[in-house]
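Written out below as structure tokens is the structure these notes cover.
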Amino acid sequence: MPELPEVEVVRRGLAAHVAGRTVDSVEVCNHRAVRRHLPGASDFTARLTGTRLGHARRRGKYLWLPLDDGGEALLAHLGMSGQLLVQPSRAPLGRHLRVRLRLDTGIDLRFVDQRTFGGLVLTPLAPSTADGAAVPLPITHIGVDALDRSFDPARFATQLRRRQTGVKRALLDQRLMSGVGNIYADEALWRARLHYARPTETLRRTEIARLVAAVQAVLGEALQQGGTSFDALYVNVNGESGYFDRSLAVYGQADRPCPRCGALVQRAAFMNRSAYTCPRCQPRPRRARW
DNA sequence: CGTGGCCCCTGATTGC
DNA sequence: TGCAATCAGGGGCCAC
């Protein structure tokens, strides 16, 4: 469940259903899912067993559960296909179950991940270089997201204009601003009428302000609708889908009319993925870059 | 150091 | 029907 709105939906579910519960036992079904935990799966299991889980927190696409023994957290990244599900312990174990935490009241917290790009790790907390807040050590370099109180638009604009790359590539760089992925980058650029290959160093302050407002609007609207789900891979902790896919203007809409001007949306190859644009609202810059 | 290309993995879909 | 190629909400790593 990858981008900020989907991860935030999961965070809220965890805060409601697992905060304060104790981990009775841990089962790592696929070691790849804890590969970032360098001391190994047995260390992961031993140290997590018996701890109490705290209130779920999030930065960008990462989320974590602080542990009650202080200074440490269970950090999760969902990658392309990860899910955190809260289920009765007796629920059938699916094919893609990677890590199973049995909690103290007959429920499981399950990490399910078809492609295993995501994973879990036990890690100390450390000060973020972005705002000084206590965050898990492996993500101290991750930027504040555009919906965070401490997000600083002027600082973002300065950093963005200092880069020499395409604006979409910069949006996907989680160090400048976190939480935006392929869907919401395309949607925000469309709202701001900017082409993905626009060189960052040529962006005017007013254009960046438009872009930030577009990012905040699209993330906020998607969150209100429970996120974007095209299929059963992107669900909340109860396995339910969000509805923002009905509101997408360009992402996945190749050959369909732009909701603003009616021109046909185009798909282009971009960084081994896709970029969707309206050719009329978002004309390609003379000097393109990505 | 910043930038850009490649790779990790499984499964659904498309086209020959 | 079979099989290969392509694509999918991500990011780490490594040359340059």
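For clarity, every value in this text was computed on a predicted model and none was experimentally measured. In what follows, chains carry the letters A, B, and so on, assigned in the order in which the sequence lines appear, proteins first and then strands, with residues in each chain numbered from 1.
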Please work out if [X] contacts a base, only the sugar-phosphate, or nothing of the nucleic acid, heavy-atom cut-off 4.0 Å.
X: A:Phe270; value: nothing
X: A:Asp231; value: base
X: A:Arg98; value: nothing

### Task
List the steps, then state whether salt bridge (Lys or Arg N to Asp or Glu O under 4.0 Å) holds for A:Asp131 with A:Arg59.
CA-CA 12 Å; A:Asp131 66 347; A:Arg59 172 154 297 190; 2.8 Å; yes
Please report the distance, rounded to the nearest Å, between [atom1] in [X] and [atom2] in [N].
X: A:Leu233; N: B:dC9; atom1: CG; atom2: P; answer: 18 Å
X: A:Arg169; N: B:dC6; atom1: CZ; atom2: P; answer: 11 Å
X: A:Glu201; N: B:dT3; atom1: CD; atom2: C1'; answer: 12 Å
X: A:Leu78; N: C:dG11; atom1: CG; atom2: P; answer: 10 Å
X: A:Arg267; N: C:dC7; atom1: CZ; atom2: C1'; answer: 8 Å
X: A:Asn272; N: C:dG12; atom1: CG; atom2: P; answer: 17 Å
X: A:Arg175; N: B:dG4; atom1: CZ; atom2: P; answer: 12 Å
X: A:Phe117; N: B:dC7; atom1: CZ; atom2: P; answer: 12 Å

### Message
Is the shortest side-chain heavy-atom distance between A:Phe44 and A:Leu48 below 4.5 Å?
### Response
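Heavy-atom side-chain distance check passes, below 4.5 Å.
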#### Entry: Within residues 176-186 of chain A: residues closer than 4.0 Å to DNA chain B (heavy atoms)
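When residues 176-186 of chain A is checked for heavy atoms under 4.0 Å from DNA chain B, there are no hits whatsoever.
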### Message
For DNA chain B, please output the secondary structure as dot-bracket, reading 5' to 3'. Pairs are Watson-Crick or G-U wobble, both atom distances under 3.5 Å; mark crossing pairs with [ ], other-strand partners with |, unpaired with a dot.
### Response
.|||||||.|||||||
### Message
If you assign each of A:Arg35 and A:Thr165 to its closest nucleotide in DNA chain B, which residue comes earlier from the 5' end?
### Response
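It is A:Thr165 whose nearest nucleotide is closer to the 5' end.
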### Task
Kindly indicate whether the side chain of A:Arg115 and the base of B:dG11 share any N or O donor-acceptor pair separated by less than 3.5 Å?
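A donor-acceptor contact between them is absent.
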### Task
Please confirm whether the backbone N or O of A:Gly242 pairs with a side-chain atom of A:Gln225, one donor and one acceptor, at under 3.5 Å?
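Absent.
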### Task
Check whether any side-chain N or O of A:Arg169 sits under 3.5 Å from a backbone N or O of A:Leu171 as a donor-acceptor pair, and report yes or no.
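No, because the side chain of A:Arg169 does not come within donor-acceptor range (under 3.5 Å) of the backbone of A:Leu171.
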### 5′-ward residue of the pair A:Gln114/A:Gln174 relative to DNA chain C
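Nearer the 5' end of the strand: A:Gln114.
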### Query
Any idea which of C:dC7, B:dC9, B:dT3 is nearest the A:Gln164 side chain?
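The listed nucleotide nearest to A:Gln164's side chain is B:dT3.
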### Query
A:His77 has a side chain; which of C:dG11, B:dT10, B:dC8 sits nearest to it?
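Closest nucleotide among those given: C:dG11.
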Between [Y] and [X], is the closest basic N to carboxylate O distance under 4.0 Å?
X: A:Arg267; Y: A:Asp255; result: no
X: A:Arg191; Y: A:Glu221; result: yes
X: A:Arg163; Y: A:Asp173; result: yes

So does [X] get a side-chain nitrogen or oxygen closer than 4.0 Å to the phosphate oxygens (OP1/OP2) of [N]?
X: A:Arg36; N: C:dG12; result: no
X: A:His96; N: B:dG11; result: yes
X: A:Thr116; N: B:dT10; result: no

### Query
Hey, what's the ring geometry for A:Phe156 with A:Phe151, parallel, tilted or perpendicular (30° and 60° as the breaks)?
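Geometry flag for A:Phe151 against A:Phe156: tilted rings.
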### Message
Pairing donors with acceptors under 3.5 angstrom, does anything connect the side chains of A:Gln87 and A:Arg110?
### Response
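A pair is found: one side chain offers a donor N or O, the other an acceptor, under 3.5 Å apart.
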### Task
Sticking with atom P, work out how far B:dC9 lies from C:dC14, rounded to a whole angstrom.
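Going atom to atom, P in each nucleotide, I get 16 Å.
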Residues 20-28 of chain A side chain polar contacts: donor-acceptor under 3.5 Å, at least two apart:
residue	atom	partner	partner atom	Å
A:Arg21	NE	A:His17	O	2.6
A:Arg21	NH1	A:Thr105	OG1	2.0

